[in-house]
Amino acid sequence: MAIPRILVIGGGAGGLELATSLGNKLGKSGRAAITLVDRNPTHIWKPLLHEVATGTLDVDIDQITYRAHASAHHFEFQLGTMTGLDRDQRQVILAPLTDEQGEEVLAERRVGYDYLILAIGSISNHFNTPGIAEHCIFLDSPAQANRFQRRLLEAYIKLNSPQHPKENLNIAIVGAGATGVELSAELHHAARELNQYGFNEMKRDRLKITVVEAGPRILPALPERIAAAAHQELVKLGVDVRVATKVTAATEDGLQLGDEFLPAELMVWAAGIKAPDFLKDLAGLENNRLNQLLVLPTLQTTRDSQIYVIGDAAGCPLPDNKWVPPRAQSAHQMASHVLKNLTAALNGKPQTDYQYKDHGSLISLSRFGTVGSLMGNLVGGAMMIEGRIARMAYISLYRMHQVALHGWLRTIAISVIGRINKIIRPRLKLH
């Protein structure tokens with residue numbers, strides 16, 4: 001009798017944690033065949049993309065190679081991009097794989113499943129604003145973060161070059177959510193570090209960063225007191241924070257803010273997300289307005305009990321008529337719950353309902369500070385934290401992700417190696 005086939009599409013935080021747990025629990029014992037599919041060969045924790053973009057984190061060191069990780073944790077990895085779904089045949093359709101010259105390496109493939117978990121994540125939502133897609137960078141993937149880092153280094157070189165005389169380097173960030181706020185602070189930290197590597201003209205007062213937010217305040221998804229503390233820190237750094245300001249268009253030279261034009265050499269769009277467009281009307285599954293696939297409390301899709309959705313691609317309603325927020329902690333919780341439900345399904349036991357638990361929010365302002373709130377029974381609701389305690393809590397979030405993938409011993413070893421690398425390697429990625 002053939003063993004069940006469990007197919008996970010998407011190797012982000014939730015997808016990779018789930019595939020790893022399934023491999024360790026079911027793949028190792030031969031109780032199920034686990035396959036992970038992702039369009040990239042490597043994984044980086046998405047909340048770290050702003051550090052990749054500034055070069056303060058070297059993705060070549062911190063990324064995880066899917067194929068090697070799969071071999072160590074008893075599951076299979078396939079490189080590919082999902083383009084369709086055949087629910088009748090229980091097959092996922094993968095696009096042809098091509099090389100840099102456009103030559104086909106693998107033809108279109110179909111991968112069968114008995115249980116399918118979609119952990120495809122989200123992409124930037126530019127709301128069809130004119131010029132955004134052509135002129136802005138979206139920090140929703142490692143490729144985009146690397147693209148920004150290359151352009152940032154080129155801009156620094158131009159600023160130091162007599163052939164390109166410029167007074168300032170103007171960077172515009174649209175969207176004052178976690179990505180936009182953390183990126184603006186990290187850019188100031190990177191500029192200070194660059195002074196030590198020959199970019200002597202890159203003084204703090206020559207870096208002009210503007211954060212544009214359409215809403216009435218920054219960090220709209222977080223408590224107002226946390227947003228106010230973060231706003232104050234950004235102003236101290238010299239960031240120009242503009243709230244209640246809408247971007248109406250983008251050109252090669254900057255952003256149009258209604259009647260005002262904001263010049264910028266680099267522009268980042270971080271003002272909204274949605275699930276990938278191909279999920280809309282995918283094989284008759286049900287969507288919401290952000291293309292997310294609607295799920296039952298068990299995280300199974302509303303129209304197919306063999307398909308689960310986790311992370312940003314899941315439209316999971318909450319009792320207060322809101323949705324489970326697209327955050328790393330949501331993906332982690334959903335991955336853990338689907339692991340329980342899949343194990344129950346294989347043992348002929350009933351599915352249980354997922355309940356979202358908000359453990360608080362933390363915003364890192366690079367080395368200049370960290371603010372946030374912790375939530376739980378021990379603090380009787382929410383407790384605001386900042387400073388060193390908040391920084392330690394922020395770092396621990398990534399460590400917990402590493403523990404889920406590697407276990408405690410290897411995570412400790414990775415942490416030690418990271419400390420050593422900070423001593424023997426450049427503080428910034430300079431290429």
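Counting begins at 1 with the first residue of the sequence.
Taking OG1 of Thr56 as the start and NE2 of His189 as the end, the distance is 6.0 Å to the nearest 0.5 Å. For the atom pair Arg242 CZ and Glu260 CD, the distance stands at 4.5 Å (nearest 0.5 Å). Distance check, rounded to the nearest 0.5 Å: OG1 of Thr411 to CZ of Arg399 gives 8.0 Å. One finds the CG atom of Leu79 at 7.5 Å from the OG1 atom of Thr81 (value rounded to the nearest 0.5 Å). Here the CG atom belonging to Leu49 is positioned 6.5 Å from the CG atom belonging to Leu139, to the nearest 0.5 angstrom. The CD1 atom of Ile173 lies 10.5 Å from the NE2 atom of His50; values are rounded to the nearest 0.5 Å.
For the residue pair Tyr115 and Pro4, the shortest heavy atom distance occurs at CE1-CB, 4.5 Å. Tyr308 approaches Ala345 most closely through the heavy-atom pair OH-CB, 4.5 Å. Of all non-hydrogen atoms in Trp269 and Cys136, the two that sit nearest each other are CB-CB, 4.0 Å. Here the closest heavy-atom approach between residue Gln144 and residue Asp140 is recorded as CG-OD1, 3.7 Å. Taking both residues in full, the closest heavy atoms of Asp312 and Ser122 are given as OD2-OG, 2.8 Å, listed atom of the first, atom of the second, then distance. Closest non-hydrogen pair, Leu36 versus Gly10, comes out as CD1-O, 3.5 Å.
Side-chain contact check for His69 versus Leu16: some heavy-atom pair is nearer than 4.5 Å. A heavy-atom distance below 4.5 Å is found between the side chains of His406 and Ile64. Between Val247 and Leu257 the shortest side-chain heavy-atom distance falls below 4.5 Å. Proximity of Val174 to Ile132: side-chain heavy atoms (C-beta onward) are nowhere separated by under 4.5 Å. Looking at heavy atoms from C-beta onward, Glu224 lies in side-chain contact with Arg217 at the 4.5 angstrom threshold. Counting heavy atoms from C-beta on, the side chains of Leu116 and Leu85 come closer than 4.5 Å. At a threshold of 4.5 Å between non-hydrogen side-chain atoms, the residues Leu266 and Val268 do not count as touching. Leu262 has its side chain within reach of Val212: a pair of non-hydrogen atoms, C-beta onward, lies under 4.5 Å apart.
A distance-only check finds no donor-acceptor pair linking the side chain of Asn40 to the backbone of Thr42 [under 3.5 Å]. Arg147 places no side-chain N or O within donor-acceptor distance of the main-chain N or O of Ile137, the cut-off being under 3.5 Å. Side chain of Asn291 to main chain of Ala275: a donor-acceptor pair is present (N/O by atom type, distance under 3.5 Å, no hydrogens or angles). Within the 3.5 Å criterion, the main-chain N or O of Ala68 finds no donor-acceptor partner in the side chain of Ser71. At distances below 3.5 Å, at least one donor-acceptor pair connects side-chain atoms of Asp320 with backbone N or O atoms of Lys322. For Asn287 (side chain) and Leu279 (main-chain N/O), a donor-acceptor pair under 3.5 Å exists by modelled atom type. Under a 3.5 Å cut-off, the side chain of Glu213 and the backbone N or O of Gly215 do form a donor-acceptor pair. Using a distance-only test at 3.5 Å, with no hydrogens or angles considered, no donor-acceptor pair links the side chain of Tyr356 to the main chain of Leu318.
Within 6.0 Å of CD in Gln306 there are more than 12 heavy atoms belonging to other residues, nucleotides or ligands. A 6.0 Å sphere centred on CD of Glu103 holds no more than 12 heavy atoms belonging to other residues, nucleotides or ligands. Within 6.0 Å of atom CZ in Arg410, 12 or fewer heavy atoms from other residues, nucleotides or ligands are found, so the atom counts as exposed in its surroundings.
Residues meeting the ring-ring contact (aromatic ring centres under 6.0 Å, His included) test with His401, sequence neighbours left out: His43, Trp45. Listed by chain and number, the residues in a ring-ring contact (aromatic ring centres under 6.0 Å, His included) with Tyr354 are His337 (sequence neighbours excluded).
For the residue pair Gln351 / Thr298, no side-chain donor-acceptor distance below 3.5 Å is found, with atom types taken as modelled. Under 3.5 Å, the side chains of Arg109 and Gln78 contain a donor-acceptor pair of N or O atoms.
With Ile307 as the fixed residue, the side chain to side chain contact (heavy atoms under 4.5 Å, CB included) test singles out one of Gln300, Arg90, Arg87: Arg87.
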(message) Between Arg5 and Thr35, is the side chain to side chain contact (heavy atoms under 4.5 Å, CB included) condition met? List the steps.
(response) CA-CA 8 Å; Arg5 300 165 299 170; Thr35 302; over 6 Å; no
(message) Is there a side chain to side chain contact (heavy atoms under 4.5 Å, CB included) between Tyr156 and Leu169? Walk through the geometry before answering.
(response) CA-CA 8 Å; Tyr156 283 140; Leu169 172 56; 3.5 Å; yes
(request) Evaluate the criterion side chain to side chain contact (heavy atoms under 4.5 Å, CB included) for residue pair Leu26 and Leu342; output intermediate values, then yes/no. (result) CA-CA 10 Å; Leu26 302 176; Leu342 280 172; 5.5 Å; no
(message) One pair to check against side chain to side chain contact (heavy atoms under 4.5 Å, CB included): Phe261 and Asp253. What are the steps and the verdict?
(response) CA-CA 9 Å; Phe261 185 76; Asp253 300 314; 4.1 Å; yes
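A salt bridge links Lys236 and Glu233; the closest N-O separation between the charged side-chain nitrogens and carboxylate oxygens is under 4.0 Å.
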